[in-house]
Amino acid sequence: MLRAAGVALGLVLGLGLGTLAALAAPPVATSGPPVELRAQRASKPLAGRTIVVDPGHQLGNHNFPAQINRPVPAGGFTKPCNTTGTATNGGYPEATFAWQVSRLVARRLRELGATVRLTRHSNRQDRWGPCVDARGRAGNAIGADLKLSVHADGSYAAGARGFHVIAPPDRAPWTDDIVRPSRRLAATVRSGLIGRGFGVATYVAGGDGLDFRSDLATLNLSDVPTVMVELGNMRNAAEARAMTSPRGRARYARGLVAGVRAFLR
């Protein structure tokens, strides 16, 4: 017993005063969040954000003329509840294109941590709507960070191709509260699409890909930053090929997600 105590005392003495002081000192707190939290933030950069994605027209709108032609509020005036949308020359509908791209966008945004609300939840011939006033107000009650309305154009103008992003002008009392952030959102979405190799429209929006319209209920009735994107001209053969291919739709979705992420930084 005495021998064991002597060995233990010798070990303590051999550690030295500096080592003993270090062992006795309380642990020093490191600055910044724990490694696990930092990793979580890196993988979920949109956690806590709420985004509304509006996939435009319902596929079955053309089967419900009475319903979609009913006038609804549009921001100081009325407009028809909805329209049928356009299609490629081969018959691929805008409604289906907007639905497929919107679902890709929603899935990626959710992977990044965002809460995503879609304005419609099907793409069916036996469904119609929602009306443009409901789509315009989508996101208001839940305090969404932004709303993105996804469409495609159907121009027959010669050589018409390219995308354009539509934002609301300054129009009190309807859009004056969202005009600045909406214009910034339009700019980041434009950059996101350009960054994925898409060109701006050659036939509308003055050649810079940004348009400002006061006649759209989807924009006028929003209390959150919002834009409507016409992703291309479905009547253009080259753009129709991109829109009808899974690879092309994935590229459109990546451009939109990039624009949303840049806006939310």
Side-chain angles (χ1 to χ4, degrees), residues 46 49-57 71-83 85 98 102 105 109 114 116-119 130-153 155 160 162-195 198-233 255-265:
L46 299 184
R49 302 290 196 168
T50 300
I51 298 164
V52 174
V53 179
D54 172 37
H57 317 277
V72 297
F77 52 93
T78 62
K79 293 193 75 168
C81 159
N82 213 312
T83 63
S102 294
V105 170
L109 291 175
V116 180
R117 299 284 185 262
L118 293 168
T119 59
C131 292
V132 292
D133 59 328
R135 288 164 47 200
R137 296 188 181 99
N140 293 356
I142 60 175
D145 291 281
L146 65 92
K147 181 180 66 187
L148 179 69
S149 187
V150 180
H151 292 258
D153 212 351
S155 174
F163 75 87
H164 63 286
V165 187
I166 308 169
D170 190 344
R171 183 170 171 262
W174 302 102
T175 59
D176 52 320
D177 55 336
I178 63 166
V179 63
R180 288 186 179 181
S182 295
R183 290 188 178 192
R184 186 167 68 84
L185 176 60
T188 61
V189 169
R190 176 182 61 178
S191 295
L193 290 168
I194 290 174
F198 296 107
V200 299
T202 60
Y203 62 102
V204 69
D208 66 357
L210 297 179
D211 199 9
F212 303 95
R213 289 176 56 177
S214 61
D215 62 321
L216 299 172
T218 306
L219 307 182
N220 288 341
L221 300 180
S222 181
D223 292 331
V224 303
T226 184
V227 296
M228 179 183 292
V229 188
E230 299 282 2
L231 286 172
N233 182 18
L256 294 175
V257 170
V260 167
R261 292 190 66 179
F263 175 79
L264 293 175
R265 280 182 189 147

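Just the heavy atoms: all of them, side chains too, but no hydrogens, waters or symmetry mates, feed the values below. Just so you know, residue 1 is the first one in the sequence shown, and it goes up from there.
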Enquirer: Is it true that a side-chain atom of Lys147 and a backbone atom of Asp223 form a donor plus acceptor pair closer than 3.5 Å?
Expert: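 Side chain of Lys147 to backbone of Asp223: no pair is present.
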Enquirer: With a 4.5 Å limit on heavy-atom distance, are the side chains of Arg49 and Leu109 in contact?
Expert: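 Sidechains of Leu109 and Arg49: no contact.
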Enquirer: Could you walk me through whether Val229 and Val150 pass the side chain to side chain contact (heavy atoms under 4.5 Å, CB included) check?
Expert: CA-CA 5 Å; Val229 188; Val150 180; 5.8 Å; no
Enquirer: Test your reading of the model: is there a side-chain donor-acceptor pair from Asn220 to the backbone of Ser214, 3.5 Å cut-off?
Expert: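 Yes, the answer is positive, given that a donor and an acceptor are paired below the 3.5 Å cut-off.
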Enquirer: Using atom types as modelled and distance alone, determine if a side-chain donor or acceptor of Arg117 lies under 3.5 Å from a backbone N or O of Ala144.
Expert: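 No: the side chain of Arg117 does not pair with the backbone of Ala144.
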Enquirer: Look at the side chain of Arg190 and the backbone N and O of Asp208, then say whether any donor-acceptor pair between them is shorter than 3.5 Å.
Expert: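 Yes; at least one donor-acceptor contact below 3.5 Å.
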Enquirer: Got a second to check how far Ile166's CD1 is from Arg213's CZ, nearest 0.5 Å?
Expert: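 So the gap between those two atoms works out to 5.0 Å.
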Enquirer: Okay, side chain of Asp215, backbone of Lys79: is any donor-acceptor separation there less than 3.5 Å?
Expert: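 It does not hold such a pair.
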Enquirer: Does the Ser182 side chain pair with the main chain of Thr226, one donor and one acceptor, at a distance under 3.5 Å?
Expert: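 Checking the backbone N and O of Thr226 against the side chain of Ser182, a donor-acceptor pair under 3.5 Å is found.
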Enquirer: Ring of Phe212, cation from Arg183 - is the NZ or CZ under 6.0 Å from the centre and inside 45° of the axis?
Expert: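 Checked: cation-pi criterion met.
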Enquirer: Heavy-atom distance under 4.5 Å between the side chains of Val179 and Pro169, does that happen here?
Expert: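 Answer no - side chains too far apart.
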Enquirer: Do the non-hydrogen side-chain atoms of Val105 and Ile51 ever get within less than 4.5 Å of each other?
Expert: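 Sidechains of Ile51 and Val105: no contact.
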Enquirer: Is there a side-chain contact between Leu256 and Val189 (heavy atoms, below 4.5 Å)?
Expert: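 Yes, at least one pair of side-chain atoms sits under 4.5 Å.
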Enquirer: Using only atom types and a distance under 3.5 Å, with no angle test, would you say the side chain of Ser222 pairs donor to acceptor with the backbone of Leu219?
Expert: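 Looks like no, no N/O pair under 3.5 Å.
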Enquirer: Can you find a heavy atom in the side chain of Thr218 that is under 4.5 Å from one in the side chain of Asp54?
Expert: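 Sidechains of Asp54 and Thr218: in contact.
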Enquirer: Give, for atom CZ of Arg265 and atom OG1 of Thr188, the distance between the pair rounded to the nearest 0.5 Å.
Expert: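 Rounded to the nearest 0.5 Å, the CZ-OG1 separation comes out at 9.5 Å.
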Enquirer: Look at the side chain of Glu230 and the backbone N and O of Ala152, then say whether any donor-acceptor pair between them is shorter than 3.5 Å.
Expert: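 Yes, Glu230 side chain to Ala152 backbone: donor-acceptor pair under 3.5 Å.
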Enquirer: Rounded to the nearest 0.5 Å, what separates atom CG in Asn82 from atom NE2 in His57?
Expert: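 Reported value, rounded in 0.5 Å steps: 6.0 Å.
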Enquirer: Would you check if the side chain of Asp145 reaches a backbone N or O of Thr50 as a donor-acceptor pair within less than 3.5 Å?
Expert: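 Yes.
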Enquirer: Is there side-chain contact between Asp176 and Asp170, with at least one heavy-atom pair below 4.5 Å?
Expert: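 Result yes, sub-4.5 Å side-chain heavy-atom pair found.
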Enquirer: Would you say Pro130 and Arg137 make side-chain contact, with heavy atoms under 4.5 Å?
Expert: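 Not touching, per the 4.5 Å side-chain cut-off.
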Enquirer: So do the side chains of Val227 and Leu148 get within less than 4.5 Å of each other, counting heavy atoms only?
Expert: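 In short, these two side chains touch, coming nearer than 4.5 Å.
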